[in-house]
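Heads up: the structure comes next, in structure tokens.
Both counts, for ligands and for their atoms, begin at 1 and track the order of listing. Scope of the values below: all heavy atoms of this structure, side chains included, with no hydrogens, waters or symmetry mates. Because the structure is a prediction, the values reported are computed rather than measured.
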Amino acid sequence: MASSSSTISPNEPTSHNKKKPIVIITIGMAGSGKTTFVQRINSYLHSLDPPKPPYTLNLDPAVASVPFEPNVDIRDTIEYKEVMKQYNLGPNGGILTALNLFTTKFDQVLGLMEKRADEVDYMILDTPGQIEIFTWSASGAIITDAVASSFPTVIAYIVDTPRTTAPATFMSNMLYACSILYKTRLPFILVFNKTDVADPAPMMEWMRDFEAFQEALAAEGAGMRDGDGDPTYMSSLMNSMSLVLDEFYKELKAVSVSAYTGAGIPEFFEAVDATREEYERDYLPELERAAKQREKNLRAKKDATLSRFMQDLSMDPNREKMGKWDPAAMDEEEEENEEDDDGEYIDLSEEKGPQPRVEIERARRPGTGGVGINWPRPG
Ligand SMILES: Nc1nc2c(ncn2[C@@H]2O[C@H](COP(=O)(O)OP(=O)(O)OP(=O)(O)O)[C@@H](O)[C@H]2O)c(=O)[nH]1
Ligand SMILES: [Mg+2]
């Protein structure tokens, strides 16, 4: 899937010579305010003069209600509670499987995004509540890669500021952010949210000044010194970790916002706009190199299969009875098969009158006749 999009150049302007929109992927711990933040940036973009309505996608199958109107909503195609029942899973397994199933058709979603690229400046993805479902799953990686292969992309890592005021908690949150940065290698913005209830200034200071963080750690006291007054294992670990993080802080931008009041949102967009250059300079060459390598591997695999096939053919005593083999015809047939579609995603904002629905959508909508989901079963 990601590979299917590798031919699209994210650097190329859209057909009207407009720059490609920037995709903002919001990631953050459960309850950090991702959805409220997406709602806030969505309404901010609508309120600009002239308005710049973004293209929005909800990838959280378990959210009860979305406070903005997403253009693509995973809940329209997959009901995660039904997935839980069918696959006998718990809530997290259900969400993960729902996301995996959605990802199998993400090329269609990408197609919808490409179609709207001329009209919008920003595309915003809201991700599932449990952070690891998106960041440590194959589907999260596939979606991120697919999107980043087609558009300039930035990660907005939402930090729950009031829950991160303790130095140790702050550090674990930053370690998580650090792992995501190194995993995705995409431009990264730390978004300190909920600043209406907690001031992120001390945290910003800790990021700038390593010694300030050490002092805060020492001031926290508990667990840092043993009975003899020597530093504990925990204290040494935290000190070494904070040294690692010091390098990480140099690579990223941090902004303070309140999704609740709207404070800091213009500064967030300044940071987002600045990442376009970073994306083109650092990420794109790597992306192009990976795409070329993928293509090379694919060609080598195809050549190997072809020569094996030719060998088999030359050894087959019945080959005279068969018609002459035409590789071009075979390619055409393959392409035709690829085009076969067993379902279609719908851009809700384009919906005019009754739309063809995929089977799984009917399962969710009461009164539409669908009773079960025919997803492939494991094993
Ligand atoms: N005070 C304050 N509360 C906020 C802010 N942003 C979000 N919240 C609250 O934080 C809670 C969680 O917000 P959500 O937007 O649902 O967070 P989320 O990260 O999408 O949550 P999940 O998707 O369930 O993980 C809600 O009660 C919000 O009202 C903010 O800027 N200030
Ligand atoms: Mg949410």
### Query
Against heavy atoms of D60, which atoms of ligand 1 measure under 4.0 Å?
23 (O)
### Query
What is the nearest protein non-hydrogen atom to atom 21 (O) of ligand 1, stated with its residue, atom name and distance?
G31 N, 3.3 Å
### Query
What heavy-atom pair brings A148 and Y283 nearest, and what distance separates the two atoms?
CB-OH, 3.5 Å
### Task
Consider ligand 1: state whether an atom of it lies below 4.0 angstrom from any non-hydrogen atom of S258.
yes
### Query
How many angstroms lie between atom CG of D303 and atom CE of M310, to the nearest 0.5 angstrom?
11.5 Å
#### Entry: Nearest heavy-atom neighbours spanning A198 and T161
O-CG2, 3.9 Å
### Query
Would you call E82 and K85 a salt bridge, taking side-chain N to carboxylate O under 4.0 Å as the test?
yes
### Task
Using a strict 4.0 Å cut-off to heavy atoms of Y260, name the atoms of ligand 1 that fall inside it.
2 (C), 30 (C), 31 (O), 32 (N)
### Query
Counting heavy atoms only, which of P67, G33, P128 is nearest atom 17 (O) of ligand 1?
G33
### Task
Have a look at ligand 1 and work out which part of D196, if any, has a heavy atom under 4.0 Å from it: side chain, backbone, both or neither.
side chain
### Summary
For atom 20 (O) of ligand 1, the closest protein heavy atom turns out to be T35 OG1, 2.7 Å
### Summary
among protein heavy atoms, the one nearest atom 18 (P) of ligand 1 is K34 N, 3.4 Å
### Message
Which option wins on minimum heavy-atom distance to atom 10 (O) of ligand 1: Q39, K194, M29?
### Response
K194
Please report, to 0.1 Å, the donor-acceptor pairs under 3.5 Å made by any side chain of residues 132-140, with sequence neighbours excluded.
{"from": "T135", "atom 1": "OG1", "to": "I131", "atom 2": "O", "distance (Å)": "2.9"}
{"from": "T135", "atom 1": "OG1", "to": "Y176", "atom 2": "OH", "distance (Å)": "3.3"}
{"from": "W136", "atom 1": "NE1", "to": "Y176", "atom 2": "OH", "distance (Å)": "2.8"}
{"from": "S137", "atom 1": "OG", "to": "I133", "atom 2": "O", "distance (Å)": "2.5"}
{"from": "S137", "atom 1": "OG", "to": "S139", "atom 2": "OG", "distance (Å)": "3.4"}
{"from": "S137", "atom 1": "OG", "to": "G140", "atom 2": "N", "distance (Å)": "3.0"}
{"from": "S139", "atom 1": "OG", "to": "N100", "atom 2": "OD1", "distance (Å)": "2.6"}

### Query
For ligand 1, which atoms, with element, lie under 4.0 Å from some heavy atom of G129?
22 (P), 23 (O), 25 (O)
### Expected output: side-chain N71 to main-chain L57 donor-acceptor under 3.5 Å
no
#### Entry: Backbone N/O of K20 and side chain of R276: donor-acceptor pair under 3.5 Å
yes
#### Entry: Under-2.8 Å neighbours of the Mg ion (ligand 2), protein N/O/S atoms only
1
### Message
Between K19 and E280, does any NZ, NE, NH1 or NH2 come within less than 4.0 Å of an OD or OE carboxylate oxygen?
### Response
no
### Message
Just to verify, what does F188 make a ring-ring contact (aromatic ring centres under 6.0 Å, His included) with, not counting sequence neighbours?
### Response
Y157
### Query
Between Y44 and F268, does the ring centre distance come in under 6.0 Å?
no
### Task
List every atom of ligand 1 that sits less than 4.0 Å from any heavy atom of A30, numbering the atoms from 1 in the order shown and giving each element.
25 (O)
### Query
Hey, is atom 12 (C) of ligand 1 touched by any protein heavy atom at less than 4.0 Å?
yes
### Query
To which protein heavy atom is atom 26 (C) of ligand 1 closest, and what is the distance rounded to 0.1 Å?
T36 OG1, 4.7 Å
### Query
Do any nitrogen or oxygen atoms of S32 lie less than 3.5 angstrom from nitrogen or oxygen atoms of ligand 1?
yes
#### Entry: ring-ring contact (aromatic ring centres under 6.0 Å, His included) against F192, all qualifying residues, sequence neighbours excluded
none
### Message
Test of understanding: given a 4.0 Å heavy-atom threshold, classify the contact between N193 and ligand 1 as side chain, backbone, both, or neither.
### Response
side chain
#### Entry: Rounded distance [0.5 Å steps], CD in E278 versus CG in L186
9.5 Å
### Check: A263 main-chain N/O paired with R40 side-chain donor or acceptor under 3.5 Å
no
